[in-house]
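Read the structure below first, then the notes.
Atoms considered below: every heavy atom in the structure, side chains included; atoms not considered: hydrogens, waters and symmetry mates. Only a predicted model underlies this, so the values are computations on that prediction, with no experimental measurement involved.
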Amino acid sequence: MDAVRLDHFRGFVAAWHVPAGASTAQRSGHWVPGPDADLFHAIETELGTLPFIVEDLGTITPEVYALRDKFHLPGTRVLQFAFDGQSNNPYLPENYSPNTDGLYRYS
């Protein structure tokens, strides 16, 4: 394999924790910090270039984008999400960033 896709990448920054037995996730849950850059530094030390494509979908915070960009990890786009009528929709191909999967080239 050339790359591994990391689903739910936002969880490396913070994840929504819901206690077992909670009646609702919205009322009972709270954000807990993830391993953040420490994990990726450790992997980078062992492997060199990180062979990851990250799933940066959903409600993504600036901190998640910063972690993705710090390690030059390509993100993902879902074409199905592009057609809401907004010309600035990040899922429209003409709005893809250079580090989007499909435009990123592994060396």
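With rounding to the nearest 0.5 angstrom, the CD1 atom of I60 is 9.0 Å from the CZ atom of F9. For the atom pair D36 CG and F12 CZ, the distance stands at 11.0 Å (nearest 0.5 Å). F83 contributes atom CZ, which lies 9.0 Å from atom CG of N89 (distance to the nearest 0.5 angstrom). The CD atom of Q26 sits 7.5 Å away from atom CH2 of W16, with the distance rounded to the nearest 0.5 Å. Here the CD-CG distance, from E94 to N88, works out to 10.5 Å after rounding to the nearest 0.5 Å. Interatomic distance, OG1 of T76 versus CD of E55, reported as 5.5 Å (0.5 Å rounding).
Side chains of R68 and P74 form no contact here, defined as non-hydrogen atoms less than 4.5 Å apart. Using a 4.5 Å heavy-atom threshold, the side chains of P93 and L79 count as touching. You'll find the side chain of F81 stays beyond 4.5 Å of the side chain of L92, heavy atoms only. Counting only heavy atoms from C-beta outward, the side chains of I53 and L6 never approach each other to under 4.5 Å.
In the hydrophobic clustering of this structure, Y65 does not group with W31; members are Ile, Leu, Val, Met, Phe, Trp, Tyr whose side-chain heavy atoms approach within less than 4.5 Å, directly or through other members. Under the 4.5 Å side-chain contact rule for hydrophobic residues, V32 and L39 do not share a cluster. Hydrophobic cluster membership is shared by F40 and L47, with clusters built from Ile, Leu, Val, Met, Phe, Trp and Tyr side chains linked at under 4.5 angstrom.
Taking every heavy atom of both residues into account, E44 and F71 meet most closely at OE1-CE2, 3.7 Å. Heavy-atom minimum distance, P19 versus S28: CD-O, 3.5 Å. Shown here for A37 and K70, the closest heavy-atom pair between the two residues is CB-NZ, 4.1 Å. Between V18 and A22 the shortest heavy-atom distance is CG1-CB, 3.7 Å.
A distance of 6.0 Å or more separates the ring centres of Y96 and Y91.
E63 and T61 are linked by a side-chain donor-acceptor pair at a separation below 3.5 angstrom, with hydrogens and angles left out of the test.
For the pair N95 (side chain) and S87 (backbone), a donor-acceptor distance under 3.5 Å is present.
No more than 12 heavy atoms of other residues, nucleotides or ligands shown are found within 6.0 angstrom of CD on Q80.
Taking the six-membered ring for Trp and thresholds of 30 and 60 degrees, H30 and H17 have ring planes more than 60 degrees apart, a perpendicular arrangement.
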